[in-house]
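This report refers to the structure that appears directly beneath it.
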Amino acid sequence: MDTPHDDLAITQLSDPCARAAELRRLIAHHDLRYHQLDDPEISDAEYDRLLRELQALEAAYPACITPDSPTQRVGAAPLVAFTTMTHRMPMLSLANAFSDDELREFDRRVRAALGDDTEWIYAAEPKLDGLALSLRYEHGVLVEAATRGDGHRGEDVTAQVRTIRGLPLRLRGDDWPPVVEVRGEVLLSRARFAALNAAARARGEKEFANPRNAAAGSVRQLDPRITAARGLSFFGHGLGTVTDAPWNASHLASLRQLAAWGLPVVPEARAVLGAAGCLAYYRALLARRAALPYEIDGAVFKIDDRAAWARLGTLSRAPHWAIAFKFPAEEVLTVVEAIDFQVGRTGAITPVARLRPVRVGGVNVANATLHNFAELERKDVRVGDTVAVRRAGDVIPEIVRRLPERRPDGAAAVVLPDHCPACGAAIARAPGEVVARCSGGLYCPAQRKEALKHFASRHALDIRGLGERLIEQLVDRDLVRDPADLYALTVADYAALERMGARSAANLVAALARSRSTTLARFIYALGIREVGAATAQALAAHWRDLEALMAASVPELLAVPGVGPTVAEQVRGFFDQPHNREVIAKLRDPAGAHLHWPAPEPPDAAPALAGKTFVLTGTLSAPRATIAARLLARGAKVTSAVSAQTDYLVAGERPGSKYERARALGVTVLSEDELATLLEVAGDGAPARPD
DNA sequence: TTACCTCGAGCTCA
DNA sequence: CTCGAGGTAA
């Protein structure tokens with residue numbers, strides 16, 4: 001083959017674009033040698049020369065630039081903002097196992113569901129500790145990259161992801177389907193992380209806390225050039241599209257196919273047999289954890305036979321053919337320096353342990369909630385105690401246990417205060433109740449602050465610029481006692497507050513003015529009635545379509561609303577019975593005052609989309625049963641409790657019961673939650689999940 | 001719950 | 001330059 005130089009001499013004059021294509025092919029080849037095979041054929045200097053030649057050529061002949069050119073990795077202009085995009089196939093999460101028994105139980109369920117007594121082959125992989133991504137290749141070219149988001153919609157980070165070296169902008173070969181969606185993880189290797197922090201330290205800048213957060217931050221840079229400089233890595237671990245191809249019959253084979261297309265795939269993936277094979281793999285991985293070049297937080301096991309995936313199904317948000325076996329959460333000892341009592345919106349008193357800050361799982365932990373007083377009593381945590389702390393479910397700090405032998409002499413048991421720390425009103429704990437409550441109601445400044453925060457929050461009246469610190473000042477200076485007072489203050493009043501100038505004050509008043517025009521559901525939600533969240537507020541609004549009618553409703557009438565049980569009905573009735581609440585509502589609606597208003601809701605469709613259809617729900621669903629039932633009822637469907645031949649659909653959640661078997665026996669259509677969501681979307685707007 | 005990024009705007013000092 | 005608010009991710 002000709003050397004690049006000879007090539008250049010021959011082709012440049014005749015066809016610059018052909019030379020550009022040749023250079024791209026060469027660069028892609030050397031990228032693969034370097035990043036994937038770790039076996040470069042040419043020096044970095046030679047590689048750079050190829051890249052510079054391509055850059056020069058493209059600069060001279062811009063018509064030759066293609067989107068998959070390696071020159072397009074960097075240099076893209078900063079974005080103005082991230083946009084969201086919808087995943088064609090939802091990005092699921094995985095069920096977790098934390099013990100050998102839970103893993104064996106998973107295997108047992110798999111075998112039971114597949115109706116086969118043989119051991120199944122699992123694909124075993126490390127669970128990389130990064131940021132989940134979905135890449136989309138169309139006709140072999142990378143066109144889209146998105147974060148997981150809520151699983152259905154994520155952020156478009158294409159420009160950032162294009163800068164990841166070693167990630168092909170064009171798939172190798174030509175045997176790919178027209179559309180390939182690759183699921184995988186972006187991360188920073190330990191080495192890159194250390195190098196970045198060393199550089200930051202040398203410049204006297206702030207260091208990153210851990211590789212995962214550093215990777216997440218790098219992906220969320222508006223300027224892709226910064227992302228490029230961070231040195232991210234990507235590893236694929238699955239496909240987001242279903243393709244009927246021989247290599248797709250086995251998960252491990254599809255990983256090999258990804259590698260053949262030039263994609264880096266999760267290392268150490270291999271086949272293991274049955275639960276015993278999974279456990280052996282897990283132990284071997286755990287032993288090598290510290291020696292790996294990147295952080296992992298467990299192992300993932302997937303049934304390798306993809307034909308079995310369809311039979312096992314995907315229920316709720318996680319597939320039934322895979323499980324993540326997490327490594328035990330790191331436990332760190334620290335000292336309880338204080339125990340504070342926080343007052344929530346409903347007056348609930350929550351004890352919070354203030355800890356001597358310690359690093360747990362890559363972050364500094366200084367607080368741990370004890371949830372309620374009963375929990376505090378059970379754990380018998382006292383000030384001065386040494387406790388073991390971990391981050392449960394990877395997120396929320398939790399006091400696992402205390403070390404009795406390290407308790408200092410004279411450490412006194414924490415007692416539930418008689419009086420609210422914020423307002424001094426009596427604290428009551430009903431016998432047998434777990435939660436203690438401040439009786440101060442909305443006279444309690446802490447409850448007032450929480451109520452105002454809730455009122456201004458995104459799904460309530462969405463008042464931008466009214467944050468925690470501002471609410472603190474407003475309540476502490478007694479400028480605002482209830483939400484209606486917010487609307488009575490002037491720009492000058494707000495401008496007089498700390499860190500508020502004329503500009504901020506004007507913006508806030510404008511945001512308040514915008515919030516006056518709202519919806520009934522948002523208004524009901526904003527009131528902060530106990531037990532009434534976004535979905536229930538929506539159900540109440542849809543049922544009465546008028547605030548006066550709702551305020552006059554009796555408990556039995558309230559019970560008629562789908563999704564409303566005795567607890568909610570009592571709370572709603574009790575709320576509207578309070579003269580104070582009625583006064584605030586009147587103030588909020590007063591045309592001469594706050595003047596909150598909303599359009600009269602549309603009457604429901606004459607013929608609801610799911611009229612005559614009968615549904616049965618089973619298993620653990622992502623929302624309370626009653627909420628999902630309400631959505632179905634709002635569209636005219638019937639929801640019953642037992643599966644019969646008359647049932648049209650069974651909606652199966654996590655760990656469905658005997659109804660699932662019966663539905664299959666009767667040939668009733670079984671829907672996953674995702675399928676139900678699609679059906680509801682198609683069936684139109686009966687009762688959307690959000691009050692909007 | 002913590003970490004990180006982005007934006008707007010106030011604060012501080014030249 | 002620094003802070004508060006708002007968003008996202010695990």
Side-chain angles (χ1 to χ4, degrees), chain A residues 78-84 91 93-94 96 127-134 146-151 153-157 160 185-188 193 196-197 200 204-224 226-227 230 295-298 324 326-327 329-330 332 342 350 352-355 357-371 389-399 453 456-459 462-474 494-508 510-511:
Chain A
L79 307 177
V80 176
F82 289 109
T83 55
T84 61
M91 286 183 82
S93 48
L94 294 179
N96 287 318
K127 189 174 192 303
L128 305 180
D129 193 11
L131 186 75
L133 273 195
S134 179
T147 61
R148 213 182 91 83
D150 63 3
R153 294 173 62 74
E155 268 182 316
D156 184 340
V157 289
Q160 287 70 25
E185 204 84 359
V186 232
L187 52 82
L188 263 183
F193 172 73
L196 283 178
N197 273 356
E205 289 171 9
K206 213 166 151 270
E207 297 179 43
F208 291 108
N210 58 62
R212 205 204 68 74
N213 279 348
S218 304
V219 169
R220 299 202 74 263
Q221 289 286 337
L222 287 178
D223 186 347
I226 300 177
T227 310
R230 299 276 171 89
E295 299 202 337
I296 63 175
D297 57 357
K326 299 292 228 33
F327 290 144
E330 181 195 7
V332 183
Q342 286 181 349
T350 306
V352 179
R354 308 294 177 191
L355 308 169
V358 271
R359 253 184 112 66
V360 188
V363 302
N364 289 318
V365 169
N367 304 298
T369 174
L370 288 153
H371 301 107
V389 177
R390 72 171 173 209
R391 295 208 300 149
D394 273 352
V395 178
I396 306 198
E398 176 188 41
I399 292 180
K453 243 193 274 177
S457 68
R458 190 139 83 107
H459 294 310
D462 193 19
I463 304 167
R464 300 299 171 97
L466 187 60
E468 188 149 7
R469 307 304 296 263
L470 214 48
I471 290 174
E472 287 267 314
Q473 293 186 61
L474 291 168
Y494 285 118
L497 299 173
E498 270 166 43
R499 278 204 81 82
M500 284 291 281
R503 186 75 175 255
S504 304
N507 286 345
L508 177 57

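Within the nucleic acid shown, A:Val80 comes within 4.0 Å of sugar-phosphate atoms alone, with no base atom in reach, counting heavy atoms only. A:Val363 comes within 4.0 angstrom of sugar-phosphate atoms only, judged by non-hydrogen atoms across all strands, and of no base. Within the nucleic acid shown, A:Gly149 comes within 4.0 Å of sugar-phosphate atoms alone, with no base atom in reach, counting heavy atoms only. Nucleic acid contact class of A:Ala216 (heavy atoms, under 4.0 Å, all strands): none. Residue contacts for A:Ala132: at a heavy-atom cut-off of 4.0 Å it reaches the sugar-phosphate backbone alone, with no base atom in range. Counting non-hydrogen atoms under 4.0 angstrom, A:Gly361 reaches nothing in the nucleic acid. Among the heavy atoms of the strands, none lies under 4.0 Å from A:Thr369. A:Asp297 comes within 4.0 angstrom of no nucleic acid atom, judged by non-hydrogen atoms across all strands. Residue A:Asn507 is in sugar-phosphate contact alone, with no base atom involved, counting any heavy-atom pair closer than 4.0 Å across all strands shown. Nucleic acid contact for A:Phe208: sugar-phosphate only, since backbone atoms but no base atoms lie under 4.0 Å from a heavy atom of the residue. Residue-level contact check: A:Lys453 touches neither bases nor backbone, having no heavy atom under 4.0 Å from any strand. Across all strands, A:Asp129 comes closer than 4.0 Å to no nucleic acid atom at all (heavy-atom distances).
For the pair A:Asn367 and A:Leu355, the tightest heavy-atom approach, listed with the atom from each and the gap, is C-CD1, 4.2 Å.
With sequence neighbours excluded, the residues satisfying salt bridge (charged side-chain N to carboxylate O under 4.0 Å, His left out) with A:Lys326 are A:Asp394. With sequence neighbours left out, A:Asp150 forms a side-chain hydrogen bond (donor to acceptor under 3.5 Å, both in side chains) with no residue at all. With sequence neighbours left out, the salt bridge (charged side-chain N to carboxylate O under 4.0 Å, His left out) criterion links A:Arg220 to A:Glu155. Remark: A:Arg354 engages A:Asp340 in a salt bridge (charged side-chain N to carboxylate O under 4.0 Å, His left out) (not counting sequence neighbours).
Atom CZ in A:Arg391 sits about 11 Å away from atom C1' in C:dA9, given to the nearest Å. Here C:dA10 presents its C1' atom at 15 Å from CG of A:Asp150, a figure rounded to the nearest Å. With rounding to whole Å, A:Lys206 atom NZ is found 16 Å from C:dC1 atom C1'. One interatomic measurement links the two molecules: CD1 of A:Ile396 to C1' of C:dA10, which rounds to 11 Å at whole-angstrom precision. Per the geometry, CZ belonging to A:Arg212 stands 10 Å off C1' belonging to C:dT8, to the nearest Å.
Comparing A:Gln221 and A:Ala366 against DNA chain B, the residue whose closest nucleotide sits nearer the 5' end is A:Ala366. For A:Ala368 and A:Glu498, each mapped to the nucleotide of DNA chain B holding its nearest heavy atom, the one lying further toward the 5' end belongs to A:Ala368.
For A:Glu498, the CD atom counts as loosely surrounded, since its 6.0 Å shell holds 12 or fewer non-hydrogen atoms of other residues, nucleotides or ligands. By the neighbour-count criterion of 12 heavy atoms within 6.0 Å, atom CZ of A:Arg503 is sparsely surrounded, having that number or fewer from other residues, nucleotides or ligands. Around atom CD of A:Glu330, more than 12 heavy atoms belonging to other residues, nucleotides or ligands sit under 6.0 Å away.
Listed for the A:Asp223 side chain is no donor-acceptor partner under 3.5 Å among the backbone atoms of A:Pro78.
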List, with names and distances, any nitrogen or oxygen atoms from the protein found under 3.5 Å away from nitrogen or oxygen atoms belonging to nucleotides 4-7 of chain C.
from	atom 1	to	atom 2	distance (Å)
C:dG4	OP1	A:Arg469	NH1	3.1
C:dA5	OP1	A:Arg469	N	3.2
C:dA5	OP1	A:Leu470	N	3.3
C:dA5	OP2	A:Arg469	N	3.3
C:dG6	OP1	A:Gly465	N	3.0
C:dG7	OP1	A:Arg464	NH2	3.3

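Put simply, chain A comes within 4.0 Å of DNA chain B, heavy atom to any atom, from B:dT1 to B:dC11, going 5' to 3'.
Of the residues listed (A:Asn213, A:Leu131, A:Leu196, A:Asn210), the one engaging A:Leu188 in a side-chain contact (heavy atoms from CB on, under 4.5 Å) is A:Leu196, and it is the only one.
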